[in-house]
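Okay, so here's the structure we're looking at.
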Amino acid sequence: MFEVPDDRRYLESHEWITTDAPTRVGITEFAQDELGDVVFVELPEVGDSVTAGESFGVVESIKAVSDLYAPVSGEVVSVNEELFDRPELVNEDPFGDGWMLELDAEVDGADDLLSAEEYREQIE
Amino acid sequence: MALRKPPLRDVHADRGATFTEFGGWEMPVEFGSIRREHTAVRERAGIFDVSHMSEIEVTGPDATALMQRLTTNDVTALDPGDSQYAAITDAEGVIIDDTIVYRLPSADGAEPTYLFVPNAGHDGEMSERWTTHRDDWGLDARVENTTEEWAMFAVQGPDSPGLVTDAIGAVPDIVRSEATEATIAETRCLVSRTGYTGEDGFEVLCPWSGAEAVWNAFVDDDACQPCGLGARDTLRIEMGFLLSGQDFHPTEEPRNPYEAGIGFAVKLDTEFVGRDALERVEAEGVDERFVGIELLDRGVARHGYDLTNEAGDRVGHVTSGTMSPTLSKPVALGYLPVDDADPGTRVNVVVRGEPKRGKVVVPPFIDQ
């Protein structure tokens with residue numbers, strides 16, 4: 001069984017976003033398992049804007065390349081630059097040290113986001 | 001159409017393998033981590049199930065003549081127990097497939113028997129090619145598609161000689177490209193010192209009925225890691241080895257052996273389909289060459305990405321690419337015009353619309 005923490009919300013495309021500050025975005029344990037060994041992450045820069053439902057970057061594993069989708073719209077206030085040198089953190093700790101972005105954004109009211117329970121049902 | 005399954009498909013599934021379609025077969029792509037499997041082969045040993053590879057046996061009085069006329073290398077150079085790499089070309093010299101040709105071990109003076117191993121999913125096409133030409137030329141040879149009789153495992157890595165010694169109960173008395181018959185787990189096998197990883201290694205052919213016993217004779221989570229096609233791909237890309245259907249393809253990527261860097265497997269002093277065309281290519285030279293590219297910027301090159309020169313003009317394309325697990329650097333294979341193909345030439349790989357800086361190198365990417 002894959003971990004799905006209750007303290008965040010999810011996209012069908014397997015990104016998560018925290019509901020408490022700082023508002024962080026990453027991909028789920030299920031997603032990293034599907035991708036396999038992550039070798040490269042392409043992310044926006046601090047100050048860039050991301051738009052809900054649109055691609056904000058790319059994660060590449062040895063075998064596949066996948067777009068990353070923004071759960072909500074907002075401004076990028078921080079990027080996990082450690083991933084550029086250690087992309088394997090996405091595999092090792094997808095809900096922790098493998099985070100990707102911090103956003104200045106409003107998570108409440110984003111009705112398209114799934115609860116942990118709804119996301120669990122999707123990946124079962 | 002239903003996928004063909006290797007004999008140990010369910011054994012691999014029980015071990016947690018994930019699968020991919022390859023050449024019409026359902027094959028394990030990884031047993032947990034491509035990186036871990038790749039490293040095991042470079043540093044210790046790993047075993048791959050490559051039972052999707054095709055096997056065709058050719059026997060009879062004209063077996064040598066038939067093999068000689070349908071492969072680019074010189075089969076008369078093979079002694080019993082030898083093998084050689086060869087291309088199979090059409091009349092224009094375009095590579096249809098590449099293959100290893102074994103002359104099977106046999107008693108002195110016995111008629112040569114050949115087993116050749118085309119790529120996955122090519123067995124029907126190749127057995128038809130062999131029988132059609134045999135009939136057209138009136139040769140006396142028997143061609144038998146034994147793909148679903150032979151399982152095939154590749155035991156690769158610096159520790160593989162010790163593993164094979166343990167499995168057969170004796171030091172394998174074969175050098176690179178030689179094959180011998182041996183008994184493993186009470187199963188009669190053909191063991192050859194060949195592989196597709198750049199490491200010392202062995203390929204073991206055994207009957208499907210003995211496949212599980214032979215596989216289990218090698219697999220050991222510490223000493224001989226089960227590996228999938230994912231690691232097989234990263235290992236062969238690091239060596240610059242061609243992948244049929246991707247680095248060449250008779251219609252989508254038509255290439256002759258000289259362009260593809262396997263001119264060493266063409267013997268123009270033999271008669272084979274495509275020889276005259278290749279003699280002209282050899283005399284006139286090629287327009288494009290198969291090259292290695294090391295990326296200097298971050299990014300991963302993939303099949304089909306454009307290659308541009310410093311002026312930004314499209315000059316070629318990537319046929320294979322990956323992040324090298326050994327080097328932790330992105331590497332790629334592809335074709336470039338001869339004038340842009342010298343080592344050190346700056347070239348860009350266009351990754352999702354963004355030119356990433358790279359330079360031409362001569363494979364292999366790693367010291368082997």
Side-chain angles (χ1 to χ4, degrees), chain A residues 1-3 13-15 27-46 48 50-51 53-70 76 79-94 97-98 100-101 123-124, chain B residues 16-22 27-41 225 227-238 243 246 295-305 318 320-332 349-356:
Chain A
M1 284 294 287
F2 293 103
E3 188 188 358
S13 49
H14 310 292
E15 291 82 3
I27 66 168
T28 66
E29 188 185 10
F30 174 85
Q32 68 78 27
D33 186 71
E34 288 282 299
L35 279 165
D37 299 297
V38 172
V39 294
F40 178 66
V41 181
E42 191 175 290
L43 299 173
E45 293 179 5
V46 171
D48 287 352
V50 299
T51 305
E54 291 189 6
S55 171
F56 69 79
V58 164
V59 58
E60 298 226 25
S61 69
I62 291 178
K63 65 182 178 187
V65 52
S66 292
D67 278 310
L68 297 163
Y69 293 96
V76 178
V79 171
N80 186 0
E81 293 186 4
E82 201 168 353
L83 296 184
F84 299 140
D85 294 322
R86 295 183 61 202
E88 64 272 19
L89 287 174
V90 176
N91 295 116
E92 292 166 6
D93 193 9
D97 291 343
M100 293 172 176
L101 302 180
I123 61 173
E124 267 174 9
Chain B
T18 53
F19 290 84
T20 189
E21 185 276 336
F22 193 89
M27 298 304 296
V29 64
E30 63 176 303
F31 287 84
S33 163
I34 292 173
R35 182 187 295 277
R36 189 170 66 233
E37 294 160 28
H38 181 108
T39 304
V41 171
Q225 163 80 46
C227 303
L229 296 189
R232 188 169 160 87
D233 198 45
T234 53
L235 288 157
R236 72 94 193 168
I237 291 174
E238 285 185 344
L243 176 60
Q246 188 161 311
L295 269 72
L296 308 171
D297 288 335
R298 295 176 190 278
V300 184
R302 305 276 183 187
H303 176 81
Y305 286 6
V318 171
S320 292
T322 191
M323 182 70 80
S324 157
T326 304
L327 303 171
S328 293
K329 272 200 273 190
V331 297
V349 179
V350 183
V351 177
R352 292 182 297 279
E354 285 290 317
K356 307 282 187 182

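Quick caveat: nothing in here was measured; it's all calculated off a predicted structure.
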ask   = Of the backbone (N, CA, C, O) and the side chain (C-beta and beyond), which part of Pro325(B) lies under 4.5 Å from a heavy atom of chain A, both, or neither?
value = side chain
key: Heavy-atom pairs under 4.5 Å with chain A, option from Arg302(B), Glu30(B), Met323(B) with the top count   = Arg302(B)
Taking all non-hydrogen atoms of both residues, which atom of [X] and which atom of [Y] are closest, and how far apart?
X	Y	result
Thr234(B)	Ile62(A)	CG2-CG2, 3.4 Å
Arg298(B)	Phe40(A)	CB-CE1, 3.2 Å
Thr18(B)	Lys63(A)	OG1-NZ, 4.4 Å

query = Which region of Val58(A), side chain (C-beta onward) or backbone (N, CA, C, O), has a non-hydrogen atom less than 4.5 Å from a non-hydrogen atom of chain B, or is it both or neither?
reply = side chain
ask   = Does the side chain of Val65(A) reach to within under 4.5 Å of the side chain of Val300(B), using non-hydrogen atoms?
value = no
ask   = Do Glu88(A) and Arg35(B) meet the salt-bridge criterion of a basic N to acidic O distance under 4.0 Å?
value = no
remark   = CD of Glu60(A) to CZ of Arg352(B), rounded to nearest 0.5 Å, is 4.5 Å
CD-CG distance between Glu37(B) and Asp37(A), expressed to the nearest 0.5 angstrom = 8.5 Å
